Amino acid sequence: MSEEKKPLNFIEHIIEEDLVNGLTKDKLRFRFPPEPNGYLHIGHTKAIGISFGLGETYNAPVNLRFDDTNPAKEEQEYVDAIKRDIAWLGYQWENELYSSDYFQKLYDWALQMIKNSNAYVDSQSSEAMAVQKGTPTQVGTNSPYRIRSIEENLDLFQRMKAGEFPAGTHVLRAKIDMEDPNMLMRDPMMYRIMYAHHHRTGDDWCIYPMYDWTHGESDYLEQISHSLCSLEFKPHRKLYDWFKEHVYDYSKDQLPLAPKQREFARLNLSYTIMSKRKLLRLVEGGVVTGWDDPRMPTISGLRRRGYTPNSIRKFIEKVGVAKRENIIDVSLLEFCIREDLNKTANRVMAVLDPIKVVITNYPEDKEEWLEAENNQEDASAGFRKVPFSREIYIEKADFKEEPSAKFFRLQPGGEVRLKNAYIIKANSVVKNEKGEVIEVHCTYDEDTSKKVKGTLHWVSIKHAITAEIREYDRLFMHESPDSDKDKDFMEFINPNSLTVKTGYLEPSLAQAKIGEQFQFQRLGYFNVDTDSKSKTLVFNKTVGLRDSWDKQKPKPKNNQNQNKPKPQQERPAISLIQQFGKKYTNLPEEKQSKVKAEIQELAKNVSYDELEPLFGTAVKKVGTRIATLITLKVLLKNGLEHNDAISEFINKALEDKNELLVAEATTI
RNA sequence: UGGCCUAUGGUGUAACUGGUAACACAUCUGUUUUUGGUGCAGAAGAGUCUAGGUUCGAAACCUAGUGGGCCAACCA
C-alpha cells in the first residue's frame, strides 16, 4: 500500500521482523500512556506520533491509557486536557483506559508473587533501604526482612491493603537480586502505603502499585504488542521483562501475548525546555501567562500561537525516530507551519509600524474599493474589496531616504507598487523637529501595467481598524537552556520574548473570529487570540515569512549562525593532511593533483614528530599512506635527515600493489 | 569504581542487513512573481568519532579507546 521503499525507522524494522517471525498483523496493538499530572507538550507529540502513527500505518488499535498510580500528583483536569490535545492533533484512540482499572488484578497477581516467594514485605525505613540498595558502582545488600515466611508476607500485605498500617511503615518488594548491576533489579518496590484520594478510585485503596509493577502488566492486560517509550526507560526493560515473565506464567491461557518494550530518543527542541516541572516554574513564576501562553512549547500553547495539527504532525514525521540524543532546530517546526499556512491562510494587509503616505494627486474626498485576491495558492479562496484613499500607512521600514543599493522599496524619486492598487512615486518628505521623516508625499499613477521592482502592502488610514498585535521571540537565549550544569535555566530567559504593538488593519478583518488565521502580507502568519473582545481584536504572530532581505542587513551581535565554515586554520596541518589522505584514492585525477598541491603546502607546517606516527598506518589505508609520503617528500626536501623508520616506510610503499602509492614512492 | 544506550554534512533522519553515503531543514545561486513570500532550477557542504581487526570489499560486523546520554524518588 505504500510506495515500495519508504525507509523504515528502527521500530518499524522490529515490527516487520516480528511479523515475519509469526506475529500476525491483527495482534498489533499500541498504547500512549501519559501520567495525568500536567499538560502535554511538543515532546509528547513525538511519542503520540509514534504510537498513533504506527496504529495508522498498520491499521492497529491504539489505547489511550492514563498511568494514574500516584494519586498525590494526578488530577482530572489533566486527564481532560490531555484528551483534548490528542483529539485536536487528530488522533483517535481505541479505548480510554486507566492503570487504576487494573488495581485489583495487580493485587491478585501480587499475592501470587508472594506465594511463589517472588515478593516480600519490607518493614524498614526508606533511608535504610536506600543504603542497602548500594550505588551504580557498588552492589547492594539484602534486607533483613527478605527471608520472611510466605505466610507472614501474605498476612502483612493483606493488612497493608486493609489499612492497618500508617504510610511508610511497610512496602512490598520483588525478590530479585541485590547485587544486580542494574539497580532497578535490586528488589524493586511494588507497593507503597498511601492514604491519598485517587481521582478515580476514591478511597478504595490505600496501597498503590509502583510504575514498574503497573506499566508492563497494564500492557500485558491490554495485550499491547509493542510498548514504546523513551530512552530513559531502557534500564527498566530488564525489570519489565522479569515481571512480565511471572505474570505470563500465571495467565498465559487467557492472555497469550507478551508485550515487548522498545525505547526511542525523546525530542528536544532548540531554545526551549521540555520538562513539565520546569514548565510549571515558568507558569508559577509569572514568566508566561499560563500553560497555554503562545510562547510555551505545550500543545495548548502551540495551538493558541496558531500552529495547526497538520503542521505538528508533519514536524514529527520529519523529525524521525532513532536512539541518539538530539536537538532539533526550531527552524524545522517553523518550516512545517509555514508550509501548511501558505496553502490555507488568506492574505490580508496590515501595517504594524506605520509611516504616513499622502498621495497628493488623489482627491481628498475620493475613495475606491479595489479588488484583492484572498489567496493565490488557493483558487477557491475568492476575492475581497479593500478601500483606497488619499492617506495611507505603509511600514516605516519600507521607506528610506538614503537607501542602500539593494533596497528596492520606496525611496525619493522612486516608484513602487502598492499591492492590489496603484503605483506611487515619492516626491518629498515631511520631517519633525528631530529630523525624522513622518510623512512621505507621493503621486500615484493609474497605469498599473508597468514593471516596478518593489511591491508594498498598505492600509487606508481612515478605513483602518486597529488591533493589538503580539509578537513573540524565543523564550530562551540559550540553545539548550536546561542542559547547563552550572546555571539554572531561568537565567537564560529572554526578557524580550513578547512585543505588543498596535496594528492598523484593513477593515475586512473586523469580522475575524477567534482562532482564524491570516497571512499579513509580507509580514507573516497571524491568528486571532482568545483574548480578543468583540471590539478589540488581539492577534498572535504565529511565525514570520522567510525573509531573504532581512538576512542581507547587518547581523545582530550574537548571531547564532550555525552554518559557519569549519575553523580550518585552527586545525593542525597534520590532521588536515590525514583527512585529505583518506579520500585521496577516491578522487578524480584532476582533483587529486589539486589535493596533492594542498598537502604539499600544508606539509610546510608539519614537523617530523607529527608525521612519524603515521608511518604505522594500516596497510589498507593507502590514501593516508600516500598523503604521508607526499608530506615526507616535502620534509626531506627541506632538509630532513633520512633514518631507518623513513626508509622502512618508503620500502614498504614501493612493495605495495597500489600504483599511486608506488608512483609516489619511486619519485622520492 | 560498575551496567546499559549512543556516535553519519550546521541540524535531524536514511543507506534494501557488507559493494564507496541519500533525503529534509538550514545555507547560497539563478529564475518566476502585484508578497525580498510561494513555485521552479541549481550549488556548496560529510567520506560516516579514533585506532586496530575480519573481508576481495566496512558507515554497517568484532575489539579497544574517546565523547555524549541514562541508572541510587515509598515519581512516572
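The shown structure was predicted, so the numbers you read here are calculated from the model rather than taken from an experiment. In what follows, every heavy atom counts, from backbone to side chain, and hydrogens, waters and symmetry copies are set aside. Proteins come first, then strands; the chains are lettered A, B, ... in the order of their sequence lines, and each starts at number 1.
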Set of side-chain hydrogen bond (donor to acceptor under 3.5 Å, both in side chains) partners for [X], sequence neighbours left out:
| X | answer |
| --- | --- |
| A:R262 | none |
| A:T137 | A:T135 |
| A:S311 | A:T308 |

Q. Within a strict 4.5 Å, meaning less than it, do heavy atoms of the A:F335 and A:K318 side chains meet?
A.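 A side-chain contact under 4.5 Å exists here.
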
Any base atoms under 4.0 Å from [X], or only sugar-phosphate, or nothing? Heavy atoms, all strands.
| X | result |
| --- | --- |
| A:F407 | base |
| A:K406 | base |
| A:V321 | sugar-phosphate |
| A:F408 | base |
| A:E373 | nothing |
| A:V319 | sugar-phosphate |
| A:H215 | nothing |
| A:N420 | base |
| A:E16 | nothing |
| A:Q138 | nothing |
| A:R347 | base |
| A:L332 | sugar-phosphate |
| A:Y211 | base |
| A:Q521 | base |

Nearest-neighbour nucleotide for the [X] side chain, [options] considered:
| X | options | value |
| --- | --- | --- |
| A:K323 | B:C75, B:U6, B:U35 | B:U6 |
| A:R417 | B:G36, B:U35, B:U34 | B:U34 |
| A:S548 | B:U1, B:A14, B:G36 | B:G36 |
| A:T137 | B:G12, B:U1, B:U34 | B:U1 |
| A:N9 | B:A26, B:C74, B:A14 | B:A14 |
| A:P7 | B:C4, B:A14, B:U34 | B:A14 |

Nearest-Å distance once atom [atom1] is located in both [N] and [M]:
| N | M | atom1 | value |
| --- | --- | --- | --- |
| B:A14 | B:U6 | P | 12 Å |
| B:A51 | B:C74 | C1' | 48 Å |
| B:C16 | B:A59 | P | 13 Å |
| B:A44 | B:G10 | P | 16 Å |
| B:A15 | B:A58 | C1' | 13 Å |

**Q.** Base orientation of B:U17, syn vs anti, 90° cut from 0
**A.**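 You should classify B:U17 as syn.
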
Q. Which label fits B:G68, syn or anti, where anti is any glycosidic angle not within 90° of 0?
A.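 For B:G68, whose glycosidic angle is more than 90° from 0, the conformation is anti.
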
Q) Hey, is the side chain of A:Q519 pairing donor to acceptor with the base of B:U35 inside 3.5 Å? A)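 Check passes, donor-acceptor contact within cut-off.
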
Q) Is there a residue in residues 63-74 of chain A whose heavy atoms reach under 4.0 Å of RNA chain B, and which residues are they? A)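 Correct list: A:D67, A:T69, A:N70, A:K73.
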
Salt-bridge present ([X], [Y]; N to O < 4.0 Å):
| X | Y | value |
| --- | --- | --- |
| A:K450 | A:D445 | yes |
| A:D241 | A:K260 | no |
| A:D187 | A:K133 | no |
| A:E232 | A:R266 | yes |
| A:E506 | A:R384 | yes |

Sequence-distant partners of [X], side-chain contact (heavy atoms from CB on, under 4.5 Å), two or more places apart:
| X | result |
| --- | --- |
| A:T448 | A:R417, A:Y422 |
| A:I50 | A:I11, A:K46, A:L54, A:L228, A:F264, A:V321 |
| A:K541 | A:E471, A:F526 |
| A:T272 | A:L269, A:M274, A:P297 |

Q) RNA chain B: stems of at least 3 consecutive Watson-Crick or G-U pairs, cut-off 3.5 Å? A)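 The stems are B:2-7 with B:66-71, B:10-13 with B:22-25, B:27-31 with B:39-43, B:49-53 with B:61-65.
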
Q | Residue pairs passing the salt bridge (Lys or Arg N to Asp or Glu O under 4.0 Å) test where at least one lies in residues 336-349 of chain A, sequence neighbours excluded | A |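 Applying salt bridge (Lys or Arg N to Asp or Glu O under 4.0 Å) to every pair that reaches into residues 336-349 of chain A, excluding sequence neighbours, yields A:K314-A:E339, A:E334-A:R338.
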
With a cut-off of less than 4.0 Å, is there a side-chain N or O of [X] near OP1 or OP2 of [N]?
| X | N | result |
| --- | --- | --- |
| A:K419 | B:U34 | no |
| A:R266 | B:C5 | no |
| A:R522 | B:G36 | yes |
| A:H13 | B:A15 | yes |

Protein-nucleic acid N or O pairs under 3.5 Å, nucleotides 38-42 of chain B:
residue : atom : partner : partner atom : Å
B:U38   : OP2  : A:R546  : NH1          : 3.3
B:U38   : O2'  : A:N342  : ND2          : 3.2
B:U38   : O2'  : A:E377  : OE1          : 3.4
B:U38   : O2'  : A:E377  : OE2          : 3.3

Side chains of [X] and [Y], donor plus acceptor under 3.5 Å:
| X | Y | answer |
| --- | --- | --- |
| A:N70 | A:Y211 | no |
| A:E377 | A:N375 | no |
| A:R31 | A:H215 | yes |
| A:H457 | A:E395 | yes |

Q: Using heavy atoms to find the nearest nucleotide of RNA chain B for A:G454 and A:K46 separately, return the residue whose nucleotide is more 5′.
A: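 Going by which nucleotide is closer to the 5' end, it is A:K46.
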
Q.
Closest-nucleotide mapping onto RNA chain B: is A:R192 or A:T448 further toward the 5' terminus? I mean the 5' end.
A.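 Looking at the nearest nucleotide for each, A:T448 comes out on the 5' side.
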
So which protein N/O to nucleotides 66-72 of chain B N/O distances come out below 3.5 Å?
residue : atom : partner : partner atom : Å
B:G69   : OP1  : A:K485  : NZ           : 3.4
B:G69   : O2'  : A:E325  : OE2          : 3.1

Q | Between B:U6 (P) and A:N268 (CG): distance, integer Å | A |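 It is 17 Å, rounded to the nearest whole Å.
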
